[in-house]
Every structure is written in C-alpha cells, then in structure tokens.
Number of protein chains: 2
Amino acid sequence: MLKSKLSTPQIYDDLHMQLVTAQIPQGQKMRSERLREDYDCSANTIREVLFRLASEGLVIFEDQRGFRARPTDPERLHYLTKFRIMLEQEGATASIQHGALEWEAQLAASHHKLSHIESKLSETSLSGNTLKLWSLAELEFHDTLLSACDSPFLRSSYRRTYDQFRQQKIMQPEYGYHPENIVEHQAIVTAALKRDAHACRVAIYEHMKRNLRDGGASGTLHPDALGAASTG
Amino acid sequence: MLKSKLSTPQIYDDLHMQLVTAQIPQGQKMRSERLREDYDCSANTIREVLFRLASEGLVIFEDQRGFRARPTDPERLHYLTKFRIMLEQEGATASIQHGALEWEAQLAASHHKLSHIESKLSETSLSGNTLKLWSLAELEFHDTLLSACDSPFLRSSYRRTYDQFRQQKIMQPEYGYHPENIVEHQAIVTAALKRDAHACRVAIYEHMKRNLRDGGASGTLHPDALGAASTG
DNA sequence: TTCCCAGAAAATTTCAAAATTTTTGAAAAT
DNA sequence: ATTTTCAAAAATTTTGAAATTTTCTGGGAA
C-alpha cells in the first residue's frame, strides 16, 4: 500500500473510512507502532487521530492498553437505532414544517439517486464498490431529509450516530441487501412531500425497526423511537 | 496555585470545570506553553486534553493557530437551547412512560435539593460557591428527569449539550438569578409525577424559551423544540 | 498437567528539543 | 501619514527517544 505522505486530516479520513466500512474489523487492536509505519508519521500523530475517533465512538480507548476498533455489541446497535429513529423523526417533522420548495427538490433528487442504485442492487450481487456507493447515497438521502430542520446540533448528532450504526451493522451479511428498503424509502419520501408528519414518523420507524432488540414487535402501536409520541 | 502533579484525566477535569464556569473566559487563547507550566507536564499532554475538549465543543482548534476557549455566540446559544429542549422533551416523555416508582422518588429528591438551594438564592446574593452548588443541583435535576428514558445516547448527548449551554450562558449576569426558575422547575416536576407528558413538554419549553433567539415569541402556540409536535 | 512467578519482550505514555509556522514590531518606501 | 517589507520573537507541531506499564514466554512447584 503506497501512500505519499498523508497529512493529519487525511489520516483521520482514511482511518474513519476504514472503521465505518469495517475494513478494520470490530474489536481489532490498533497499535500505534503499526499505524505509524503504515502512514509514515510519528506515534503522536496517530495517537491524536485515534483519540478523536474515540470521542466519536468508533474506537475505544483503555488507559495504558491502547486503542481498539469498537467491538460488535447487539445492545449498542439497539440503542443506536433507538436514538437514530428519534433524531430522524424529530428532524423530519421539523423539515416538513420549515422546508421550502428547494428542500423538496433536493429530497426528490437524493431519493432518485438512491432508488436508482437500489434497483440495480436487487438485480446484481453487490461488489464492495457498489456497496460503498449505496451507503453514501443512503446517508445523503437521510441527511437531506433533515436538512431543513434548522437545528445544526441535531444534524451533527445524527451524522455521528449514523456512522456508529454503520460500523455496527456493515458486517452483517444482509446489510444493503433488503429489497424492502426500496419501498420503505419511497414511503418516507412520499409522506415528507405530502407534508404528512405523522405518516413520515411511522415510515421512519418501519424502516429502522428491524434493528431494534425485539425487531420492533410492539411496532404498530408505538411508532415513536422512545415509545412516547403516541401518548399525546 | 500549588498542584501536586495532576494526572492526565485530572487535568482534563480541571480544565473542563474552568471552561464551563468561564473561569477561562470565552474566546481566550489557551497556550500550550502556559498550561504546561501551570500543570507541570509536557506540551503533548496538554495538546491531548485540549483536543478532547475541542471534540466536545468547549474549545475551538485552528490548524497552526492553537486552541481558544469557545467565544460567546448568541446564535450558538439559540441552537443549543433548541436542541436541549428537544432532547429534554423527548427524554422526559419517555421517562414518564417507562419510569417506575424509583424514578419518581429520585426525581422528587433531586427537585427537593434544587428548590432548597433556589429558595436561598432569592434571599442572599450568590457567591461563586453557591452558584456552583446551584449549577450542580440543576444538572442533577434535569438528568434525573431523563434517567428513565432508556436511551443512553440521548442522555450523553444531553449532557454534552448542557455543558456547552452553560459555558455560553454563565457569564450573563442573570444566570442563576431568575426567581421564575423556582416555579418553572416545580411545573416540570409536577407534570412529570402526574404522568402528563404534554404538560411536561410545555413546562420544559416555558423553562428554556428565554434563551431562544426571539425569547420564545411564538411560544404558546408551538411548545415543541423544533416547532413540530403540535402538527400531529 | 496445571498453576504461578520471574524475566524478557513489546507496547504505551511522557518528555524535551528541533523544525515549522505565525505573529510582532520596526525600518523603509510610497 | 499610511502602507509594505523584512527580520526577530513567540507559539505550534513534529520528532525520536526515555521511562513506564502491560503482555508474553518459559521454567519450576504443586
């Protein structure tokens, strides 16, 4: 692997990518010395980058024992999903209320790109490259959905949560394979463009519930992430 | 200032405390060399701690220009408040649904402590120490309110947001002075113990709206943080 | 065979100094 | 008087190595 002297932010980007795509497997030790050689820099630069990745949850740090890619953890996947559902429901509802024509247009565009990729995925088996393409398009779709919510902290929090979710999920063989995704994404975008906040919340829950601990058993009764909104 | 060789985590705690209490004023430069002397450690240890504080938003980092305590920014305070309202409304609603007797008891306890401190605050002018005491009690109250929401990511996200909010707000002379706080906290706890999620959401909004950009002008119509839930 | 301890090896953390970049301040030119 | 230029000073970033801690390995005792 020949790399021509990457800068510190580039090293960060590269390791981030390797973590969310599980090219660095979950739980694997990340030794400073090894990475120092790979990137041809000092141990301190590596340490700095790893601390930043740790603060975002992709890496865990233990005092005097160094760094490891975060191991798989079903409970963590459950709670990440729960938080994602809540953030996306709240963000989408706010976008529906505040978003203008430009938002609708961007949402339609990102959904068009995503559904194009997804229709090809169902025909051919996915190579590593098309999987990356799909993953990027899906993130862009979800982010566009929230882009008019007028809450920068919600958006950055969603992004961090999505990355961690992806790191947990990507090694499961069914990641990206679900044909249901097509109709689920369609339901989300349809509800959003109809400005039907409640239907959009339900669609978001239906899209993600399979990653909850119980697979969303009590789903139709409580479509909100924290089991809350149905009480109003 | 005589410190007997603090460890790295202790240095982190100390700087964190100084930042959220604005003992390090907003916008002030934080020079490695100066801090290295204060804490009697190497520049690298300081750098590590400052990067961590930067990832939590209390410090800003500019390449080749070092670190600064985050400056005051009214827009930032607005968006921090908006996000805090959303997280607390969602978390409280979930706690109301899931919380058992133990939760009620802890909530009553933390509110009792808080209101005791607040009743004294209205009589005497607050010294630096009672302000710290109040601040700690208020955080504990809000955290207890969310403690039964069964969403660890919501709680840690709330904590980070609260710290940043406090850093922005603490220098404003009215911080901690509001007599309204007493009745507002009472309204929150009453609604929560009555298991009235909607009333609790309204009370949370009413408690925080003065920190929004417009002071909550359209408040009574839209008690939800992102202006959303009233559409359902 | 299993358990435990000591010594060796490896990895992490801290340190101090060199190298790079930014900031400062004064002199020269417009 | 204002702007520009350049050199000195100050601060940040990187580096390589020392010091500390953990992990590994092998031998001896139960």
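Residue numbers start from 1 in every chain, and the chains themselves are labelled A, B, ... in the order their sequence lines are given, proteins ahead of strands.
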For this session: Using a heavy-atom cut-off of under 4.0 Å over every strand shown, decide if A/S42 touches base, sugar-phosphate, or nothing.
Result: base
Seminar exercise, completed: Hits for side-chain hydrogen bond (donor to acceptor under 3.5 Å, both in side chains) against B/Q168, two or more places apart or cross-chain, chain-then-number order -> none
Exercise. With sequence neighbours left out, what residues match A/E75 under side-chain hydrogen bond (donor to acceptor under 3.5 Å, both in side chains)?
Worked result: none
Seminar exercise, completed: To the nearest angstrom, the CZ-C1' distance between A/F61 and C/dT12 comes to 9 Å
Exercise. Taking OP1 and OP2 of D/dT14, is either one under 4.0 Å from a side-chain nitrogen or oxygen of A/T8?
Worked result: yes
Problem set entry | Interatomic distance, B/E33 CD vs D/dA9 C1' [rounded to whole Å] | 14 Å
Problem set entry | salt bridge (Lys or Arg N to Asp or Glu O under 4.0 Å) against B/E138, all qualifying residues, sequence neighbours excluded | none
Exercise. Rounded to the nearest Å, what distance is computed from the CZ atom of residue B/R36 to the C1' atom of nucleotide C/dT14?
Worked result: 13 Å
For this session: Measure the distance from CD on B/E48 to P on D/dT12 and round it to the nearest whole Å.
Result: 17 Å
For this session: Determine the interplanar angle of the A/H142 and A/Y162 rings, folded into 0 to 90°, and report it as parallel if under 30°, tilted if 30 to 60°, perpendicular if over 60°.
Result: tilted
For this session: Residues of residues 62-73 of chain A with any non-hydrogen atom less than 4.0 angstrom from an atom of DNA chain D: list those, numerically ordered, please.
Result: A/Q64, A/R65
Exercise. Are any side-chain N or O atoms of A/W103 and backbone N or O atoms of A/L146, one a donor and one an acceptor, separated by less than 3.5 Å?
Worked result: no
For this session: Map B/K29 and A/N44 onto DNA chain D by nearest heavy atom, then report which one ends up closer to the 5' terminus.
Result: B/K29
Seminar exercise, completed: Separation of C/dT13 atom P from B/L6 atom CG, nearest Å, is 19 Å
For this session: Take the protein atom CZ of A/R47 and the nucleotide atom P of D/dG16, then report the distance between them rounded to whole Å.
Result: 18 Å
Seminar exercise, completed: So salt bridge (Lys or Arg N to Asp or Glu O under 4.0 Å) across residues 160-173 of chain B, not counting sequence neighbours, yields B/R159-B/D163, B/K169-B/E174
Seminar exercise, completed: To the nearest 10 degrees, the angle between the two end axes of the helix from C/dT1-D/dA30 to C/dT30-D/dA1 (five pairs per end) comes to 20°
Sequence neighbours excluded and cut-off under 3.5 Å, please list the side-chain donor-acceptor pairs for residues 53-71 of chain A, or say none.
| unit_1 | atom_1 | unit_2 | atom_2 | d |
| --- | --- | --- | --- | --- |
| A/S55 | OG | A/R52 | O | 2.8 |
| A/S55 | OG | B/S55 | OG | 3.4 |
| A/E56 | OE1 | A/Y12 | OH | 2.8 |
| A/E56 | OE2 | A/Y12 | OH | 2.9 |
| A/R70 | NE | A/G57 | O | 2.7 |

Exercise. Taking only residues at least two apart or on different chains, which pairs with a member in residues 21-35 of chain A satisfy side chain to side chain donor-acceptor pair (under 3.5 Å)?
Worked result: A/T21-A/Q23, A/E33-A/R36, A/R34-A/D38
Problem set entry | d(CZ, A/R31; C1', D/dT23) in whole Å | 12 Å
Problem set entry | Integer-rounded Å distance: C/dT14 C1' and B/L35 CG | 17 Å
For this session: With sequence neighbours left out, write down each residue that passes ring-ring contact (aromatic ring centres under 6.0 Å, His included) with B/F141, or none if nothing qualifies.
Result: B/H111, B/H185
